[in-house]
Amino acid sequence: MIDIMALLNEIKKAPYREITVSAPHTGRIEFAVKDTGIKVDGATGTWSERPGTLLARLIREGNAKPLHAPEKGEVVHFFDIEDGQFVQAGTPLLNIRHFLTKQEVIDIILKKALHLFKAPEKGRYYFVSEIDIKIKSQGLRSVNIRDGDEALILSRMKRETIIHYEGPDGIIYTTYFNSNESVEMGGPLFGVCPEDQVNNIKTVIDKIQSGWEEQE
Amino acid sequence: MKKHKILIANRGEIAIRILNACRKLGHEFVCVYTKEDAQSEHCTEALKQGGPNTLYRISSYQDPNEIFAVADDSEATAIHPGYGFFAEDFRFARRVVQRTRKLKFIGPSWKIIQDLGDKINTKRVARRLNVPTIPGSDRPIVDDLEAEELARSLFNFQNEQGVEQPVILVKASAGGGGMGIEEVHDLDRFRTVLRGIKNYARRQFRDEGVLIEQRIFDFNHLEVQILADSHGKVVHFGTRNCTVQSIGRQKRIEVAPGFYPQSISYAFDADKVLNDIIDYSLRMAREVGYNSIGTWEWIVSPMGNPFLMEVNTRIQVENGVSAIISRIGGQEVDLIQEQIRLGLDERMHFEQKDIRFEGLGIEYRILAEDPENAFTPWVGRIENFSWPDFPWLRMHTHIPRERAYDIPTEFDPNLALGIVWGQDLEQARDRGIRFLNQLVLEGRNYMGEPLKSNIQFLKENTRKLLVF
């Protein structure tokens, strides 16, 4: 078992990450937030239905696409983009310094504690339909997986290949991929927790819940 | 001639061929790329030939808003869709010509794309004109019971015809290029395959309609290259044979013309079959008022019976193999230039009688893949890629020769096209082998394993070309 408190103390030394907000598409950018030091909020609500602070609007084909802050934090840097400028997809716009939430700290530590099944090759991944149906109907942590089971479909270059799970038997505790996006080789796909260790993982989570103070 | 700025809404080698055609016609161009394609030579060529304002990064080749945002910022006046992506998307073509700032669409009118781009509509139009088509559905089927009923009737039909081992094909109706097709040998397995294809089609195309057709065995895959303007003139640039394919029905070698009765004997009158499919294709093109470049795809049974498969309302990968044997006024034809001219409303400046065919062309599709392992794409870094320059060789590629290149996994795995010309089949085959022998394609994957390519597969098949 990993040393949770040591890991927590390590994270506490730099309890934030910087998020670069980039133009998701091509278009003309109009900033709504114009100064550094401004505090912004990320999406909130049970289903993240309330968008975060409006940072900018990207205008293309006459439609203004709002760009909201992805996380809570503080705007610390603007890249050299003028208000009203045409920007290409992927152009960095500004940086937000975001203090880690309890959930994010839990995710960091889970990545150390769970067995991570990693992408054998770069591509898009989907769960095979048996697992997909179970997750959709019963939620995560309802699926038992064993070494050698058909787990995922790898889609790349318009071809699909079945990927078999390799690792300890257990339940699929958390997933790290989105079927709309390509996963780099070696990127984590899902984390598996052997059934006899589920209680240990719960203990880890409880420790973080009590030992981590979220900052503004 | 009005000077245009043409936005090339595509990537890779076809983007390079289109930008070269634009330059030769005296038009400006603008290219797009996504982050995965930053190392593609189409980006380098765009910057080299057009300067820094001719290249835009976009988030996706499949997002029309991206394309239009770039078109407006760059003040483009026309869009060339290339092949794939928006090439056969009638909604995109319609939007190009109907939006507030209207642009020219280098392709057929959107209504024709709608009518012919859909395999099912094409089949209906063909049947109306007495053009032979493959037995099976002529509309997408979503209802499982209806699908099963049709499958049963196709098995019964083949049994009645005396086919010893009847087989049917289940295809994703929104698919193309050989994707989403499986064969079924008996009705018991049909349901499983149907479910699999529907799931695949939903994931890949968001449309779970399927087509069910009789599988015709040992056929040859032929094509007729058509060119038509908006003033009623329709010509053809001969036939191609695309029978050498991967097991996933992806083309690997194309030959023009489609058969070679001068030195190969066929169980049927090959000249007559070629003439028949040209006549049928021209008949359909005239009937629907076709007005661009397009390909009529045929399968020809071992007894020489042709069946129309589909119409591709776009420039095709293999257009160059038809161009290399076609002469107008003694000059080799560039079909992409002709397509651009007609897309910009020019009249066709030649007649069918002006087109002469000379010799034989072979196009090789060069891929990093493992033909011995189900043609699995090989992914890794190309470190060495070179070929000799011959006057009879046209090479089209987006792979840089001067630097290493990581193959992106987001797109089709085609690396290059090598098109060889010979005055007859024997010379073309000899030159093809010579080219493949001297082609260097080397690299390593993340495990340090050497690159796998289909070069040996291409060589082995060169000897058997056009033999039915």
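Computed from a predicted model, the values in this text were never measured in an experiment. A note on names: the letters A, B, ... follow the listed sequences, proteins ahead of strands, and every chain is numbered from 1.
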Side chain from CB out, backbone as N, CA, C, O: work out which of these in [X] comes under 4.5 Å of a heavy atom of chain B, or both, or neither.
X	result
A:Ile153	side chain
A:Thr26	both
A:Thr91	neither

| query | Can you check whether A:Tyr165 and A:Phe190 have ring centres sitting under 6.0 Å from each other? | reply |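 So the answer is yes for these two rings.
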| query | Between A:Phe78 and A:Phe31, is the gap from one ring center to the other below 6.0 Å? | reply |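 For A:Phe78 and A:Phe31, the ring centres are under 6.0 Å apart.
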| task | Kindly confirm or rule out a cation-pi arrangement of B:Arg95 over B:Phe68, judged by NZ or CZ under 6.0 Å from the six-membered ring centre and within 45° of its axis? | result |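 Cation-pi check for B:Arg95 and B:Phe68: fails.
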| Would a 4.5 Å heavy-atom cut-off, applied to side chains only, mark B:Tyr56 and B:Tyr33 as touching? | no
Measure distances from [X] to the heavy atoms of chain A and classify the residue's part below 4.5 Å as side chain, backbone, both or neither.
X	answer
B:Arg99	side chain
B:Asp63	side chain
B:Leu55	backbone
B:Glu66	both
B:Pro408	backbone

| So which of B:Val32, B:Asn65, B:Ile58, B:Asp412 has the biggest tally of heavy-atom pairs under 4.5 Å with chain A? |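 Of the options given, most contacts go to B:Asn65.
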| field | Sidechain N-carboxylate O distance under 4.0 Å for B:Arg365, B:Glu318 | value | yes
| query | With the threshold set at 4.0 Å, does a side-chain nitrogen-carboxylate oxygen contact exist between B:Arg202 and B:Glu208? | reply |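 Between B:Glu208 and B:Arg202 there is a salt bridge, with a charged N closer than 4.0 Å to a carboxylate O.
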| said: For the residue pair A:Glu104 / A:His98, report whether a side-chain donor-acceptor contact shorter than 3.5 Å exists. | reply: yes
